[in-house]
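The sequence lines fix the lettering, A, B, ..., with proteins before strands; numbering per chain opens at 1. Keep in mind that what you see is a predicted model, and the values were worked out from it rather than measured.
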There are 2 protein chains.
Amino acid sequence: MAAKRKTKPARMPRPKSPSQAELDPKIGALVQQIIARVADRWTMLILEALEEHGTVRFKELGRLVVGISQKMLTQTLRQMECDGLVKRTVHPVIPPHVDYALTKLGRGLGEAFCGVWKWAEKHYAEIERARAAFELARKRAPGNG
Amino acid sequence: MAAKRKTKPARMPRPKSPSQAELDPKIGALVQQIIARVADRWTMLILEALEEHGTVRFKELGRLVVGISQKMLTQTLRQMECDGLVKRTVHPVIPPHVDYALTKLGRGLGEAFCGVWKWAEKHYAEIERARAAFELARKRAPGNG
DNA sequence: CGGGATCCTTAAGGATACTG
DNA sequence: CAGTATCCTTAAGGATCCCG
């Protein structure tokens with residue numbers, strides 16, 4: 001993962017709908033994990049690269065996902081493989097040939113995030129305006145930065 | 001979000017639908033920002049606390065969001081305020097009285113993430129199974145840690 | 001070629017002390 | 001009470017080397 005630090009586990013938000021409220025808090029934890037995972041710098045990029053190109057070899061993937069180091073590529077792919085988002089296939093030849101592809105689950109996750117994407121697209125301008133307004137207010141205000 | 005580090009900006013994934021493809025990559029960057037933000041350890045928790053309790057004072061919010069330090073509370077709230085997700089209200093009295101509430105935008109964001117939540121809920125078991133299988137395979141495999 | 005092991009830098013985030 | 005400023009710890013992630 002990439003984004004921030006996770007030092008402690010921390011309590012998870014409870015689900016919103018009544019039906020979910022009955023279920024384990026494990027789901028909440030899982031959601032947080034998933035979100036955290038997707039929020040790292042690379043998972044989304046890799047997901048997208050695989051969506052666009054189908055089955056891709058390790059090094060090729062490294063070229064597709066522009067700034068990534070091989071360490072993070074390996075690490076993120078392992079993570080995704082572990083969660084069942086990608087399928088790793090080793091061809092026992094020399095030199096080694098390993099390729100990766102999204103699983104159904106992986107594609108599903110991509111689709112699930114489309115909602116957030118849509119929301120962001122729709123409210124894009126609002127957020128930019130809010131930021132501009134915030135900046136302006138900050139400059140006006142005394143005793144700050 | 002609580003998750004990892006963001007060192008460089010990094011190129012953003014392109015949108016999926018054709019209509020979006022025409023628009024600025026700024027939207028992609030914004031989406032990534034939003035996701036990254038929501039994935040930190042606190043934004044979601046604060047969002048949820050405010051959803052449940054409406055208008056809440058700073059210290060009360062600190063109690064609601066269990067493990068948070070006042071530094072991160074301030075910082076995350078500022079962030080959210082900047083993005084237009086929360087409204088900060090200062091009552092000029094002594095001792096100071098400041099309270100926070102979600103904006104329409106903030107509530108909308110919460111709703112947008114419901115899709116991911118639903119997905120996670122639905123595929124919860126699959127992921128757990130994938131992880132278990134992965135662990136098992138790892139133990140079986142030679143030459144690994 | 002794929003990727004594990006190691007070292008190193010950097011910054012996220014907690015703790016604490018101070019202020020209006 | 002609601003912050004701000006500072007210090008310190010920890011770990012995320014890049015770079016590099018090495019191996020099958």
Side-chain angles (χ1 to χ4, degrees), chain A residues 1-10 33 36-37 39-43 45-46 55-82 86-101 138 141-145, chain B residues 1-10 33 36-37 39-43 45-46 55-82 86-101 138 141-145:
Chain A
M1 317 160 177
K4 331 301 167 28
R5 302 271 293 301
K6 283 173 302 197
T7 320
K8 297 177 194 172
Q33 278 177 38
R37 198 145 293 177
D40 71 32
R41 278 181 65 201
W42 306 118
T43 302
L45 281 325
I46 292 176
T55 298
V56 187
R57 292 184 64 168
F58 182 84
K59 201 164 189 184
E60 171 66 4
L61 206 43
R63 246 171 287 123
L64 258 35
V65 180
V66 175
I68 198 167
S69 64
Q70 118 284 44
K71 176 186 177 180
M72 289 316 293
L73 182 56
T74 301
Q75 194 171 301
T76 309
L77 281 171
R78 282 291 172 291
Q79 196 82 261
M80 296 172 78
E81 187 195 359
C82 172
V86 308
K87 173 82 188 313
R88 174 171 179 268
T89 308
V90 181
H91 303 273
V93 298
I94 294 183
H97 182 128
V98 180
D99 52 44
Y100 295 86
R138 211 168 54 82
N144 296 327
Chain B
M1 330 179 168
K4 336 310 164 25
R5 302 269 294 298
K6 284 172 304 198
T7 321
K8 297 178 193 170
Q33 276 178 38
R37 197 145 294 175
D40 72 31
R41 279 181 65 202
W42 305 119
T43 303
L45 281 325
I46 292 175
T55 298
V56 186
R57 294 185 63 169
F58 181 84
K59 200 164 190 183
E60 172 66 4
L61 205 43
R63 246 171 286 124
L64 258 34
V65 180
V66 174
I68 198 168
S69 64
Q70 116 284 44
K71 176 185 175 180
M72 289 315 294
L73 182 55
T74 302
Q75 194 170 301
T76 308
L77 281 170
R78 283 289 174 291
Q79 195 82 262
M80 295 173 78
E81 187 195 358
C82 173
V86 307
K87 173 80 188 313
R88 175 171 178 268
T89 310
V90 182
H91 304 272
V93 297
I94 295 182
H97 182 127
V98 180
D99 53 44
Y100 295 86
R138 210 168 55 82
N144 294 327

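Set against D:dT4, C:dG2, D:dC1, the side chain of A:Arg88 has C:dG2 as its closest nucleotide. Comparing atom distances between the A:Lys71 side chain and each of C:dC7, C:dG14, D:dT4 picks out C:dC7 as nearest.
Judged by distance alone, with hydrogens and angles left aside, B:Gln70 brings a side-chain donor or acceptor within reach of the base of D:dT4, the pair sitting under 3.5 Å.
Rounded to whole Å, the distance from CZ on A:Arg41 to P on C:dA12 is 12 Å. If you measure from atom CG of A:Leu77 to atom C1' of C:dG2, you get 11 Å, rounded to the nearest angstrom. Put simply, CD on B:Gln75 is 13 Å from C1' on D:dA5, counting in whole angstrom units. To the nearest angstrom, P of C:dG3 lies 9 Å from CD of A:Glu81. Between the C1' atom of D:dA2 and the NZ atom of B:Lys59 lies a distance of 9 Å, rounded to the nearest Å. Following rounding to the nearest Å, A:Gln79 (CD) and C:dG3 (P) show an atom-to-atom distance of 15 Å.
Positionally, the nearest nucleotide of DNA chain C for A:Pro96 lies more toward the 5' end than for the other of A:Pro96 and B:Pro96. Mapped onto DNA chain D by nearest heavy atom, B:Phe58 and A:Ile68 fall at different nucleotides, with B:Phe58 at the one closer to the 5' end. Annotation: of the two residues near DNA chain C, A:Arg63 and B:Met72, the 5′-most nearest-nucleotide partner is A:Arg63.
In this structure, B:Arg57 reaches the D:dA2 phosphate: one of its side-chain N or O atoms is under 4.0 Å from OP1 or OP2. Contact annotation: A:Ser69 side-chain N/O to D:dG14 OP1/OP2 distance is under 4.0 Å.
The two atoms that bring A:Asp40 and A:Thr76 nearest to each other are OD2-CG2, 4.4 Å, heavy atoms only.
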